[in-house]
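The structure under discussion appears below in the form of structure tokens.
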Amino acid sequence: MRIFHQIAEYRQWRATIRTPLVFVPTMGALHEGHASLITHARRVAGPDGAVAASIFVNPMQFGAGEDFSRYPRTVKEDEALLAARSTDVLFLPDANVMYPSGAETVKVTPGPLAGMLEGADRPGHFEGVCTVVAKLLNIITPTHMILGQKDFQQHVLLAKMIRDLDFPVNLIVAPTVREPDGLAMSSRNRYLTPEQRRLAPIIYRTLCWAVQAARSGDRDADELAAEIRHRIDTGGLETRYAVICNAKTLLPPRGRVSKEDVILVAAKLGTTRLIDNMLINEEPSHG
Ligand code: PAF
């Protein structure tokens, strides 16, 4: 696996390779969820294509008082995981390479969807995500980019950015990978104490229950969302939001839940924020 820290060096390599070039952007602290994205990327790239990953803990997407400084940094282990999954190239820039203008950097403004849900609790988060991904797409120039379904609002916003700003890339969304007890894999799971880790799968269990409930009868979206919140709160977590919305637009359904909807949940366990989601037409599955 080639590792590039500088944009110019990467571009020299890029000029020599054939496409498809399939890109998996990450912030490191890689786990089996990321490994499955790389495996997916390898499949899409085929024998002639290449797989690129990036690791950059993007300061612009963390708010004041969030976990930027304590976000896990495990670069050596990450490199080993990527190499073991046949990643061709890792782009590993530091903040000076990504943001030479510092606070003066021109930013991508993602519009009203960015102020809802995750964005309501984390002002500026999606501006940071869209800006860094726009820059990474311009640097890596992939034919395909793979994102995980777990960060649902993120992929909806990035799909919109790709459309609105005409990035010539195909976005692929890969299913969430779960622990055997259903907890969605996340770099932030390592913040959980053993007791919190024991409580965390209530999110998945509640999503499974809610999807079954929505499928087995005509359900009022607000009532179902209230019941989801109640179950998660009763399970010892603090629900930040539990909403049912259209999976493409993230707009709330008018009254009844439909099969085009998704359930989005964020909940806190101590200081750790967990997010998860399930499509109404998705088959619940572990791991
Ligand atoms: O999902 C993430 O890990 C990050 O938000 C991303 C897409 C790599 C941008 O920093």
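None of these values were measured; they are calculated from a predicted model. Order of appearance sets the numbers: ligands from 1, and atoms from 1 within every ligand. Heavy-atom basis, side chains included; hydrogens, waters and symmetry copies ignored.
For the residue pair E260 / S258, a side-chain donor-acceptor distance below 3.5 Å is found, with atom types taken as modelled.
For E223 and R219, the salt-bridge test fails: no basic side-chain N is under 4.0 Å from an acidic carboxylate O.
For E9, the salt bridge (charged side-chain N to carboxylate O under 4.0 Å, His left out) test picks out no residue, with sequence neighbours left out.
Under a 4.5 Å side-chain heavy-atom cut-off, the cluster of Ile, Leu, Val, Met, Phe, Trp and Tyr residues that includes F68 is completed by M27, V57, F62, Y71, Y191.
For residues 125-159, every residue pair satisfying the ring-ring contact (aromatic ring centres under 6.0 Å, His included) rule, not counting sequence neighbours, is listed here: F152-H155.
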Give every pair formed by an N or O atom of ligand 1 and a protein N or O atom closer than 3.5 Å, one pair per line with both atom names and the distance to 0.1 Å, or write none.
residue: ligand 1; atom: 1 (O); partner: Q154; partner atom: NE2; Å: 2.8
residue: ligand 1; atom: 5 (O); partner: Q61; partner atom: NE2; Å: 3.0
residue: ligand 1; atom: 5 (O); partner: Q154; partner atom: OE1; Å: 2.7
residue: ligand 1; atom: 10 (O); partner: Q61; partner atom: OE1; Å: 2.6

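Checked against D88 for a salt bridge (charged side-chain N to carboxylate O under 4.0 Å, His left out), the options R14, R42, R18 give a single hit: R42.
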